[in-house]
There are 2 protein chains.
Amino acid sequence: MPNSVDRPSLSRSIEDYLKVIYKLELESGSAQTSAIADALAIAPPSVSGMVKRLADAELVTHVPYRGVELTEAGRRQALRMLRRHRILESYLIGHLGYDWDDVDREAERLEHAVSDDLVERMAVKLGNPTHDPHGAPIPSAAGTIDPTRYLPMTEIEVGHAGRFRMIGDADPERLRFIASLGLRPGAEFRVLDRQPFNGPVTIELDGDRKEVIGFALASSLQCEQLEEPTLP
Amino acid sequence: MPNSVDRPSLSRSIEDYLKVIYKLELESGSAQTSAIADALAIAPPSVSGMVKRLADAELVTHVPYRGVELTEAGRRQALRMLRRHRILESYLIGHLGYDWDDVDREAERLEHAVSDDLVERMAVKLGNPTHDPHGAPIPSAAGTIDPTRYLPMTEIEVGHAGRFRMIGDADPERLRFIASLGLRPGAEFRVLDRQPFNGPVTIELDGDRKEVIGFALASSLQCEQLEEPTLP
DNA sequence: AACTAAATTTATGCCAGCCTAAATTAGCCC
DNA sequence: GGGCTAATTTAGGCTGGCATAAATTTAGTT
């Protein structure tokens with residue numbers, strides 16, 4: 001089986017664009033120029049230029065003034081980057097003593113440099129995990145990913161129990177705050193109170209009453225709503 | 001202690017130039033434009049251009065038409081790269097199952113991406129080694145390096161014993177050949193015969209007679225000549 | 001239907017790093 | 001010291017990837 005070598009190996013920039021476009025499609029269904037520019041902290045015209053190149057390389061399709069969509073090849077590459085990132089995070093935490101909250105920067109640097117071979121070696125050392133320490137699913141080497149969608153904590157109904165599944169965020173400060181509340185992937189809680197407009201959510205966790213504050217925070221906590229309250 | 005952050009962090013290209021210039025200075029005492037171009041597999045005019053930028057950044061001094069010399073800052077950066085490379089090689093071999101002979105490519109990619117923090121974490125996991133698996137000395141985090149110079153195997157006198165110390169080469173084929181002879185850093189041998197002009201060297205190793213062939217090969221084997229023959 | 005605000009694209013320009021071709025310099029030989 | 005050769009530098013060009021300013025399109029009023 002002649003490994004699919006001799007693909008031109010994407011530039012660091014292109015890899016970042018694909019990753020961001022993938023995330024935007026997932027979160028909001030579409031990837032618009034200004035959203036990409038925002039996420040990459042560059043000016044919108046620069047995105048227009050790159051989008052042209054990505055479309056030429058058939059990694060995205062582009063409808064002018066409307067936004068961009070990953071092609072099959074583009075999605076494959078994006079998932080490959082996501083796998084690298086999450087395997088790297090897992091390895092750095094598991095084998096090199098990195099903390100939950102500050103591993104993202106390092107993984108971000110390395111994901112553009114490691115070979116597929118090294119990623120797979122790390123995966124083996126980790127026991128081929130399917131989820132990273134933040135609870136996020138790790139795409140398989142073949143490019144498939146667990147499609148389960150969870151709810152933001154802000155949408156779980158008052159009185160219901162929930163299980164915290166993953167944190168879709170990499171900001172160290174937020175991660176530290178979440179960890180300080182005792183929220184880890186798999187943790188079960190009950191929603192005691194909830195303010196409208198994605199306001200604070202009050203939960204009971206491990207017998208304690210805790211307040212989860214801030215729109216960006218509670219809405220980035222991906223949870224599953226449990227049918228039967230587990231804390232009656 | 002405000003860590004020396006906010007240095008502009010050298011580009012990948014610049015890091016490669018500094019590494020190559022360091023090696024050339026070490027091997028032949030001077031670093032000339034064409035030698036740099038050769039080592040990096042780029043055209044000489046490109047080197048001229050980069051040398052100008054390196055000189056502007058005070059990483060090298062440049063005497064037109066004469067060559068280039070690392071400044072103190074340049075040498076510091078070169079040693080930092082060497083430390084990264086050798087720690088990475090050691091870690092990949094020791095903890096991720098890489099082989100002696102094909103670890104170089106991976107380390108070469110990673111050395112531009114890893115953070116100093118990660119390098120030091122790997123060094124700790126390895127027990128702060130002073131030499132890598134090829135026998136090459138690893139610069140300290142402070143930027144000092146074991147200055148010991150060994151002899152190429154081709155210069156050890158017939159009848160004398162020697163100790164193999166390090167292989168100054170990364171070519172996988174050569175490394176495999178050397179490994180197949182049983183030559184590992186620390187191995188002791190006796191020179192039985194030696195052809196002039198860096199020709200083949202015949203040695204006795206572990207009781208067997210072996211022939212080390214090829215100029216580039218035997219001369220890249222750095223050895224120490226033992227005063228008292230150990231195999232009488 | 002026309003006007004306006006916001007998003008997007010086009011037009012230009014800059015820098016890093018590479019290239020080739022042409023000009024320059026160094027080193028050597030007689 | 002003149003001339004040849006090899007090494008080096010200058011000149012000019014290209015691509016990737018960013019920027020700003022100006023033009024264009026979309027969408028939401030009214």
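Order of the sequence lines fixes the chain letters, A, B, ..., with proteins taken first and strands second; residue numbering starts at 1 for each chain. Keep in mind the model is a prediction, meaning the values are calculated, not measured.
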*Contacts to DNA chain D from residues 20-35 of chain A, heavy-atom cutoff under 4.0 Å, which residues?*
none

*Could you tell me the separation between the CD1 atom of A:Ile36 and the P atom of D:dC18, rounded to a whole number of Å?*
12 Å

*With B:Arg121 as the cation and A:Tyr98 as the aromatic partner, state whether NZ or CZ is under 6.0 Å from the six-membered ring centre and within 45° of the axis.*
yes

*Can you tell me if the side-chain N/O atoms of A:Arg66 get under 4.0 Å from OP1 or OP2 in D:dA27?*
yes

*Does a nitrogen or oxygen in the side chain of B:His62 sit under 4.0 Å from OP1 or OP2 of D:dT8?*
no

*asked:* Quick one: does any side-chain atom of A:Asp132 pair with a main-chain N or O of A:His134 as donor and acceptor, under 3.5 Å?
replied: yes

*Residues forming a salt bridge (Lys or Arg N to Asp or Glu O under 4.0 Å) with B:Arg53, sequence neighbours excluded*: none

Interface polar pairs with nucleotides 21-23 of chain D, N/O, under 3.5 angstrom:
none

_Restricting to side chain to side chain donor-acceptor pair (under 3.5 Å), what partner residues turn up for B:Lys23, sequence neighbours left out?_
none

*Quick one: do the A:Thr148 and A:Asp146 side chains pair a donor with an acceptor below 3.5 Å?*
yes

*Would you check if there is a donor-acceptor pair between the side chains of A:Thr71 and A:Glu58 at a distance under 3.5 Å?*
no

_Contact residues, residues 48-58 of chain B to DNA chain C [heavy atom, < 4.0 Å]_ = B:Met50, B:Arg53

Result block: side-chain N/O donor-acceptor pairs under 3.5 angstrom for residues 24-47 of chain A, not counting sequence neighbours:
| residue | atom | partner | partner atom | Å |
| --- | --- | --- | --- | --- |
| A:Glu25 | OE2 | A:Leu70 | N | 2.7 |
| A:Ser28 | OG | A:Leu24 | O | 3.0 |
| A:Ser28 | OG | A:Ser30 | O | 3.3 |

